[in-house]
Amino acid sequence: MPFEFHIDIIDLVLKGLLIGILASAPMGPVGILCVQRTLNKGRWYGFVTGIGASISDIIYALITGLGMSFVMNLVNDPQTQFILNISGSIILLFFGIHCFRSNPTKNMHISGTKKGSYFYNGLTAFWVTFLNPLIIFLFMALFAQLTFVIPNHPLEMSIGYLSIIIGALLWWFGLTWFINKIKGKFDENGILLINKVIGSLVILFSLVILIGTVFNLYSIHY
């Protein structure tokens with residue numbers, strides 16, 4: 001066997017998929033752009049918009065992971081991990097509340113019907129996402145909460161980061177499929193509903209992990 005994994009690789013892959021979905025799901029500017037392009041230009045123009053956003057997200061995920069690996073190499077003990085998990089849960093809880101209460105259509109710009117190339121649609125989505133570095137704080141919260149970053153395991157972490165990309169692409173693929181199916185009935189209220197559902201799920205997820213960590217209902221070790 002050429003490679004030997006020293007951690008639960010299935011667990012890491014599932015975490016990566018979940019991080020990719022949670023990082024992509026909130027209806028921010030690129031989410032609105034994806035919905036508009038799906039409605040006005042077609043499903044695949046919406047999907048390449050999601051691809052562009054995913055490329056930007058993985059860049060910030062790598063930056064976040066490298067920084068956290070450095071910190072965890074310097075301070076690596078159960079108490080520090082406990083604090084990271086609690087901090088990540090609290091940050092993600094506030095993010096979920098913000099997501100639930102926000103109105104992503106408030107500053108929405110109407111997307112034109114001129115299609116342009118797939119490359120152009122993907123590139124513009126990349127820049128919209130890349131110019132919002134606050135995504136790093138969301139990745140920090142998710143990485144800490146799920147104990148995703150594992151220093152000195154480059155092969156396993158490469159698979160984990162690949163899982164983040166796949167999770168993000170699964171979200172954009174599913175979202176554009178759904179919007180395309182109901183586009184005759186989809187409006188701004190649909191966007192608000194999606195955002196509230198996502199916010200509720202993030203709140204629930206963060207509370208479950210927070211309570212589990214505080215009361216030591218589970219532990220994660222590699």
One should read off an interatomic distance between I58 CD1 and T129 OG1, to the nearest 0.5 angstrom, of 13.0 Å

Here the gap from I90 atom CD1 to Q145 atom CD, rounded to the nearest 0.5 Å, amounts to 10.0 Å

Please set out all donor-acceptor pairs under 3.5 angstrom arising from side-chain atoms of residues 17-25, sequence neighbours excluded.
| from | atom 1 | to | atom 2 | distance (Å) |
| --- | --- | --- | --- | --- |
| S24 | OG | G20 | O | 2.9 |

Between T64 and M140, the two heavy atoms sitting closest are CG2-CG, 3.5 Å

Hits for ring pair (Phe, Tyr, Trp, His ring centres under 6.0 Å) against F205, two or more places apart or cross-chain, chain-then-number order -> none

Residues V30 and A53: closest non-hydrogen pair is CG2-CB, 3.7 Å

query = Do the ring planes of F148 and Y161 sit parallel (below 30°), tilted (30 to 60°) or perpendicular (above 60°)?
reply = perpendicular

Exercise for the section: Report yes or no: do L207 and V197 belong to one cluster of Ile/Leu/Val/Met/Phe/Trp/Tyr joined by side chain heavy-atom distances under 4.5 Å? Expected result: no

- Spell out, yes or no, whether I32 and W44 are grouped together once hydrophobic residues are joined by side-chain heavy atoms under 4.5 Å, including indirect joins. yes

Output for pair (L142 CG, F137 CZ), nearest 0.5 Å, gives 13.5 Å

Apart from I91 itself, its cluster of hydrophobic side chains linked below 4.5 Å comprises none

Quick note, ring-ring contact (aromatic ring centres under 6.0 Å, His included) partners involving residues 17-36, not counting sequence neighbours, are none

By ring pair (Phe, Tyr, Trp, His ring centres under 6.0 Å), F130 pairs with (sequence neighbours left out) Y60, F126, W127

- Query: Would R43 count as a cation-pi partner of F178, with NZ or CZ less than 6.0 Å from the six-membered ring centre and within 45° of the ring normal?
  - Reply: no

All heavy atoms of K196 vs all of F100, minimum pair found to be NZ-O, 3.0 Å

Excluding Y120, membership of its hydrophobic cluster (Ile, Leu, Val, Met, Phe, Trp, Tyr; side-chain heavy atoms within less than 4.5 Å) reads none

Residue set satisfying side-chain contact (heavy atoms from CB on, under 4.5 Å) with N132, at least two apart, ordered chain then number -> L134

Sorted by chain and number, sequence neighbours left out, ring pair (Phe, Tyr, Trp, His ring centres under 6.0 Å) with Y45 holds for Y118

In terms of heavy-atom contacts, V149 and P151 come closest through O-CD, 3.7 Å

**Prompt:** Are I194 and L175 side-chain neighbours, meaning at least one heavy-atom pair lies under 4.5 Å?
**Reply:** yes

- Query: Among the clusters formed by ILVMFWY side chains lying less than 4.5 Å apart, do L201 and V208 turn up in the same one?
  - Reply: no

ring-ring contact (aromatic ring centres under 6.0 Å, His included) pairs touching residues 11-33, sequence neighbours excluded, are none

In short, I209 meets S89 closest at the heavy-atom pair CG2-OG, 3.8 Å

Across all chains, not counting sequence neighbours, the side chain to side chain donor-acceptor pair (under 3.5 Å) partners of S200 are none

Residues passing the side-chain contact (heavy atoms from CB on, under 4.5 Å) test with I97, sequence neighbours excluded, are L93, R101, I203

Distance col, row T38:OG1 vs K181:NZ, nearest 0.5 angstrom, shows 13.5 Å

Residue set satisfying ring pair (Phe, Tyr, Trp, His ring centres under 6.0 Å) with F139, at least two apart, ordered chain then number -> F143

Verify the cluster assignment for L204 and L193: are they in a single hydrophobic cluster under the rule of side-chain heavy atoms below 4.5 Å apart? no

| Does any non-hydrogen side-chain atom of F95 lie less than 4.5 Å from one of P26? | yes

Rounded to the nearest 0.5 Å, the CD1 atom of I164 sits from the CD1 atom of I159 at a distance of 13.0 Å

Open item on the list: Just by distance, no angles: are the side chains of S102 and N195 close enough, under 3.5 Å, to form a donor-acceptor pair?
Closed with: yes

Distance col, row T147:OG1 vs K15:NZ, nearest 0.5 angstrom, shows 5.0 Å

Flag the pair R37 / T124 as yes when at least one side-chain heavy-atom distance between them is below 4.5 Å, and no otherwise. yes

Open item on the list: Taking G96's backbone N and O only, do any of them form a donor-acceptor pair with H98's side chain (distance below 3.5 Å, no angle check)?
Closed with: no

Just so I know, are the side chains of K41 and N121 near enough to count as touching, which here means a heavy-atom distance under 4.5 Å? yes

Here the pair of heavy atoms bringing A168 nearest to S54 is CB-OG, 3.5 Å

